[in-house]
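Everything on this sheet refers to the single structure shown next.
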Amino acid sequence: MTRQLKIAAIIFLAVSALGFLDATYLTIEHYRGSIPPCTIKGCEIVLTSEHAKIAGIPVALLGSLYYLTLLILSIAYLDSKKNATIRLASYFTIAGFTASLYFVYLMLFVIKEICQYCLVSATTSTLLFIAGMYLIIKTRHGSDGVKN
Amino acid sequence: MAKHYIILWGSVGVAIIVLVLGLIYFGGKSDESSNIISGEPRQVTALDWVRGDITAKVTIIEYSDFQCPACGAYYPVIKRLEEKFGSQIAVGYRHFPLTQIHQSAELAATAAEAAGRQGKFWEMHDLLFENQKTWSTNSDVKEIFIGYAKQLQLNEGQFINDLAAKDLREKISASYKEGVSLGITGTPTFFLNGRKLSAPRTYDEFEKIISEKLNQ
């Protein structure tokens with residue numbers, strides 16, 4: 001693992017921790033209030049809209065699991081130094097980034113309300129995508145084994 | 001080697017659990033303070049829609065929106081409370097349609113008022129909440145409401161006229177404005193003897209609050 005890769009992986013770790021915190025907070029809020037009130041403030045509208053769930057599963061929970069996976073993979077990489085681990089995590093960020101683009105589109109053009117917590121998540125997933133692309137390129141030529 | 005993994009992933013696991021518990025503990029506390037109410041609602045009068053005894057010791061006023069899922073979820077709770085306490089309490093319904101997010105909320109409120117003109121406000125109120133999921137997502141909501149009017153054996157022609165009645169819309173809008181002036185931002189908002197309740201989450205919680213008031 002070169003110095004740059006290590007820094008990138010640490011950034012990756014920190015950003016996924018932030019994303020995990022944000023998404024988990026929303027997941028807890030989702031399950032805490034058994035009856036979320038209807039309000040004219042933005043976040044509640046977004047979080048209680050029909051788009052806040054996919055097949056009955058809250059989007060926040062999916063986000064939470066996504067960030068948790070990345071968090072675990074980046075710790076595993078920093079520990080084991082296996083490129084395959086961070087490459088797998090980096091490929092996940094493509095899906096995360098695409099999902100975020102879709103959710104931002106929903107917020108701006110369909111629900112037409114802004115939820116700041118969702119914007120935080122969109123930012124973290126964008127940063128993870130950038131870090132992920134960097135890691136994919138940097139680890140391309142190294143063997144996928146123990147050493148780089 | 002195995003020991004190393006246990007320590008690493010054990011501490012990661014513990015850190016995540018602490019984090020989640022911390023969020024659970026500290027997360028919910030901001031809710032209450034964001035709900036600042038700036039006044040006391042006016043007393044329930046004969047002009048309001050009230051179930052129970054208007055002179056009862058405990059009066060609950062609900063600012064509500066027929067299309068709000070939360071109000072729909074509270075509907076059976078309130079109904080059970082009314083059955084339990086009967087004439088010991090009065091429950092008043094006031095309109096607070098969130099028209100920005102619920103496109104049929106105002107028409108639903110008008111439908112209830114129009115039914116009220118024919119003496120069946122509460123019957124329509126019940127039908128609207130019981131079938132909320134059906135009409136909320138339907139584009140031909142007016143036809144559905146006319147269907148409910150028929151079901152309640154209302155005079156159809158008059159009901160249709162009243163759906164467009166200006167004074168009913170004004171009544172609803174006055175109720176909404178009253179709510180806004182009280183600082184209400186969402187529905188349902190309950191007032192118990194003029195004081196805002198920070199929405200009890202279960203039937204039992206609600207029942208306990210009322211029982212305590214009755215015993216005071």
Side-chain angles (χ1 to χ4, degrees), chain A residues 13-14 16-53 60-61 64-65 67-82 85 107 110-113 115-117 146, chain B residues 1 4-5 7-9 11-13 15-17 19-31 34-35 63-77 96-102 105 133 136-137 176 179-180 184-190 198-203 205:
Chain A
L13 170 75
S16 34
L18 187 68
F20 176 70
L21 210 72
D22 179 49
T24 307
Y25 172 73
L26 290 183
T27 309
I28 293 168
E29 286 302 298
H30 178 91
Y31 286 109
R32 181 201 301 274
S34 45
I35 308 173
C38 302
T39 72
I40 34 185
K41 289 180 285 180
C43 223
E44 281 87 348
I45 298 174
V46 175
L47 295 174
T48 56
S49 80
E50 56 185 309
H51 306 289
K53 282 185 180 181
L61 179 62
S64 193
L65 294 174
Y67 289 116
L68 183 63
T69 310
L70 296 189
L71 188 71
I72 289 172
L73 286 174
S74 51
I75 295 173
Y77 171 66
L78 286 167
D79 179 50
S80 71
K81 303 173 180 63
K82 280 183 190 153
T85 325
M107 249 197 305
V110 181
I111 311 171
K112 295 192 182 111
E113 289 293 340
C115 172
Q116 56 277 29
Y117 292 102
V146 179
Chain B
M1 198 62 184
H4 161 81
Y5 279 120
I7 293 170
L8 175 71
W9 294 111
S11 33
V12 168
I16 287 169
I17 290 168
L19 205 88
V20 171
L21 289 179
L23 280 176
I24 291 174
Y25 186 74
F26 293 107
K29 302 217 161 155
S30 56
D31 291 341
S34 62
N35 264 326
Y63 277 87
S64 183
D65 168 346
F66 286 113
Q67 204 181 341
C68 165
C71 304
Y74 271 105
Y75 163 72
V77 173
F96 197 75
L98 301 166
T99 48
Q100 296 110 307
I101 51 171
H102 298 145
K133 287 199 176 82
S136 287
T137 50
Y176 179 81
V180 170
I184 293 175
T185 53
T187 57
T189 299
F190 295 102
S198 50
R201 287 201 167 122
T202 60
Y203 168 81
E205 233 177 282

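The structure presented is a predicted model; accordingly, all values stated were derived computationally and were not measured. Convention: sequence-line order gives letters A, B, ...; per-chain numbering from 1. Atoms considered below: every heavy atom in the structure, side chains included; atoms not considered: hydrogens, waters and symmetry mates.
Between B:I16 and A:L68 there is a side-chain heavy-atom pair separated by less than 4.5 Å.
Residues meeting the ring pair (Phe, Tyr, Trp, His ring centres under 6.0 Å) test with A:Y117, sequence neighbours left out: A:Y25.
Distance check: A:D79 CG to B:L8 CG gives 5.0 Å after rounding to the nearest 0.5 Å.
In this structure, the portions of A:A76 lying under 4.5 Å from any heavy atom of chain B include both its backbone and its side chain. Proximity to chain B (any heavy atom under 4.5 Å) is shown, for A:L21, by both the backbone and the side chain. If you measure heavy-atom distances from B:V20 to chain A, the contacts under 4.5 Å come from both the backbone and the side chain.
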